[in-house]
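As structure tokens, the structure follows; a few thoughts come after it.
Chain letters run A, B, ... following the sequence lines, proteins first, then strands; residues in each count from 1.
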Amino acid sequence: MVRMVIVPDEGDGGWLRAADGGPVTRVPDLAASVGEFEDAGEPRWVVADLAQVYPRLLRRGARLGRCHDVTLTESLLLGYDGRYGEPSAPAAAHARLRGLPPPPPVPEAVTGTLFDDERPPKDGAAEAVLLDEVHAGQMARLESRGRMATLAAAESAGGLIAAEMTFHGLPFSREAHDAILTGMLGSRPVKGLRPRHLQELADRVSAAFGRPVNPDSPQQILAAFKSAGMPIESTRSWVLKRLDHAAVEPLLEYKELARIWTAHGWSWADQWVSPGGDGQRLRPEYVVGGVVSGRWATDGGGALQIPKAVRGAVRADPGHLLVVADAAQLEPRVLAAMSGDAGMARAAGEIDLYEALSGTFGGKRDDAKIALLSAMYGGGSPEAMTLLAVMRQRFPAAYAYVEAAAQAGERGRLVRSWLGRTCPPASSSFKSMGAGPEASRAVRDRGRFTRNFVVQGTAAEWALALMAFLRNRLREESLGELVFFQHDEVIVHCPAERAGRVGEVIAAAGRAATELLFPGTPVRIPMHTAAVESYADAK
DNA sequence: TGTTCGCGCGCC
DNA sequence: AAAGGGCGCGCGAACA
């Protein structure tokens, strides 16, 4: 496979170099050159940092097919070697490779404030040579570390997809959003005031206490209930629900609506929705690998927690549809596959895994669900313990898999996902901790974390693989665009007449992802797919 | 006045 | 119904 190092300049040009030697070529129109190489042979592009580089390339009209992100890969390799958190930029990686002291970090704030003529001219040729060398070193390390080469490829594909999703944006109707908000909260207030419905609820809370109480202040609420003769330990909703007091109902409604208003209200839309396509687009900044388990995070935009109540504002362009697909019960299926538990794998061949397991748990689907979730999350309620005992007996391999991960964590060791993403090390204070209740709590916390890490991390890898396959097929058949991703769920925006084919392609991508991670497994990871005009209609 | 922290809840 | 794992976000409160 041809690899090509690519370094953009500040304008339209840049530098290219065939990986593993050869001269660096200066090109005046980088987007055009990218297109020529893509047409000629689908190279794998070697890029310093897609999050920095790719958005501008996309705006210039370039699209990279496959790539190797040096920064993302370096982070994965550092983690694998127990050097979590060391700098992963190419310059730092290069210094490590050569055994040199690490270069001083370049604060972004400084580069951002420099005028163009104060900044030293970029030496793209030197950077291309450096990237080439770091890349070669990374390839050697990936090969000797299990399935890490697959992980690096999947992570890099994620980098491409994240930038493309922000570029395309999620189709969004500000008019629909405003209508939803107005219906729930009242019309948009002037700055500094609450919307009408919220203010009414706040007034009702104060009236119920007989004095002014700010419903946004947990302290004031605690004090108010205390003087009403109902002391409570927190203002969590399930604590409040136990109380018989006139303030509870308006308070709970206030909390629910206030969250929509502050987190996904008008100012949220002001900030994150902009024109695009045939309408408007929500453009969050995704952070690939932003969660230690490999899940994505967002840097603003709150896109990974769009409340169900607001999803009606996510609407396809005219003549288009949103194909919304989520992997059903992804994490327990992943556990079945990675542990190789035959009994659990048989159940995971069914569409409803929990239903298939219910026979084992006295015919109760909910009990099967609690048993599995407790095994994966470390739940320890008395009820869960009973169900876990059943699970241990009937699905010993699956049980042992997560149990081993928990024990490793409790002993301060590292655990890895299926492809090799590695959890952060235990803190130094964890290792030097003595006995006592605080220490044992920290040990249990660490065990729950590593127990979940192996499953959540592998599920994140499966989702990356799914998206990588899906992205390629969407492109090959010109079907539409990936516009959203949330842990185990994707949205494709496409012309209405292509929605059926998109659904087939999503299902095929899911099968390909399962086969890539777990060749020959009997486990199925089916996709639940709906083609809708509005995201709110998907579930 | 600006920054950090804990809380509570939205999502998976 | 809540509880176990992972997050982001905005708030009030505390602190510098």
Nearest-Å distance, [atom1] ([X]) to [atom2] ([N])?
X	N	atom1	atom2	result
A:Trp268	C:dC11	CH2	P	16 Å
A:Asp299	C:dC9	CG	C1'	12 Å
A:Trp296	C:dG8	CH2	P	15 Å
A:Leu373	B:dC12	CG	C1'	12 Å
A:Gln456	B:dC12	CD	C1'	8 Å
A:Arg444	C:dA3	CZ	C1'	14 Å
A:Leu387	C:dA2	CG	C1'	14 Å
A:Tyr399	C:dG4	OH	C1'	14 Å

Let's see if you can work this out: which of [options] has an atom nearest to the side-chain heavy atoms of [X]?
X	options	answer
A:Arg311	C:dC7, B:dC11, C:dC11	B:dC11
A:Trp238	C:dG6, C:dA3, B:dG8	C:dA3
A:Asp216	C:dG6, C:dG12, B:dC12	C:dG12
A:Lys255	C:dC7, B:dG8, C:dG12	B:dG8
A:Lys308	C:dG6, B:dC12, C:dG8	B:dC12
A:Ser234	C:dC7, C:dG4, B:dG8	B:dG8
A:Val292	C:dG4, B:dG10, C:dG6	C:dG6
A:Ile370	C:dG8, B:dC11, C:dA1	C:dA1

Mind checking [X] for me? I need base, sugar-phosphate or nothing, with any heavy atom below 4.0 Å counting as a touch.
X	answer
A:Thr262	sugar-phosphate
A:Gln486	sugar-phosphate
A:Arg259	base

For [Y] together with [X], are the ring centres under 6.0 Å from each other?
X	Y	answer
A:Trp296	A:Phe484	no
A:His197	A:Trp261	no
A:Phe225	A:Phe209	yes

(message) For C:dG5, is there a stacking contact with A:Tyr377, counting only centres under 5.5 Å and planes under 30°?
(response)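 Yes, the aromatic ring of A:Tyr377 stacks with the base.
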(message) Tell me if the CD atom of A:Gln220 is crowded by more than 12 foreign heavy atoms within 6.0 Å.
(response) yes
(message) Would you say that A:Pro284 contacts A:Leu282 through its side chain, given a criterion of any heavy-atom pair below 4.5 Å between the two side chains?
(response)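 Contact flag for A:Pro284/A:Leu282 side chains = yes.
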(request) Return yes if some donor-acceptor pair links the side-chain N/O of A:Arg524 with the main-chain N/O of A:Gly349 below 3.5 Å, else return no. (result)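 Between the backbone of A:Gly349 and the side chain of A:Arg524 there is a qualifying donor-acceptor contact (under 3.5 Å).
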(request) Output yes when a side-chain donor or acceptor of A:His264 lies under 3.5 Å from a complementary backbone atom of A:Gly302, and no otherwise. (result)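 Such a contact is found between A:His264 side chain and A:Gly302 backbone.
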(request) Could you tell me how the ring of A:Phe518 sits relative to the ring of A:Trp418: parallel (under 30°), tilted (30 to 60°) or perpendicular (over 60°)? (result) tilted
(request) Validate the cation-pi geometry between A:Arg448 and A:Tyr377: distance from NZ or CZ to the six-membered ring centre under 6.0 Å, angle to the ring axis within 45°. (result)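 Ring-cation test returns no.
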For [N] and [X] - does any side-chain N or O of the residue sit under 4.0 Å from the phosphate oxygens OP1/OP2?
X	N	answer
A:Thr235	B:dG8	yes
A:Thr298	C:dC7	no
A:Lys369	C:dA1	no

Under-3.5 Å N/O pairs linking protein and nucleotides 13-16 of chain C:
unit_1 : atom_1 : unit_2   : atom_2 : d
C:dA13 : OP1    : A:Ser217 : OG     : 3.0
C:dA13 : O3'    : A:Gln219 : NE2    : 3.3

(request) Find which nucleotide of DNA chain C each of A:Met376 and A:Asp366 is nearest to by heavy atoms, and output the residue with the more 5' nucleotide. (result) A:Asp366
(request) Return yes if the base of C:dC7 and the side-chain atoms of A:Arg295 contain a donor-acceptor N/O pair under 3.5 Å, otherwise no. (result)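 Such a pair does not exist between side chain and base.
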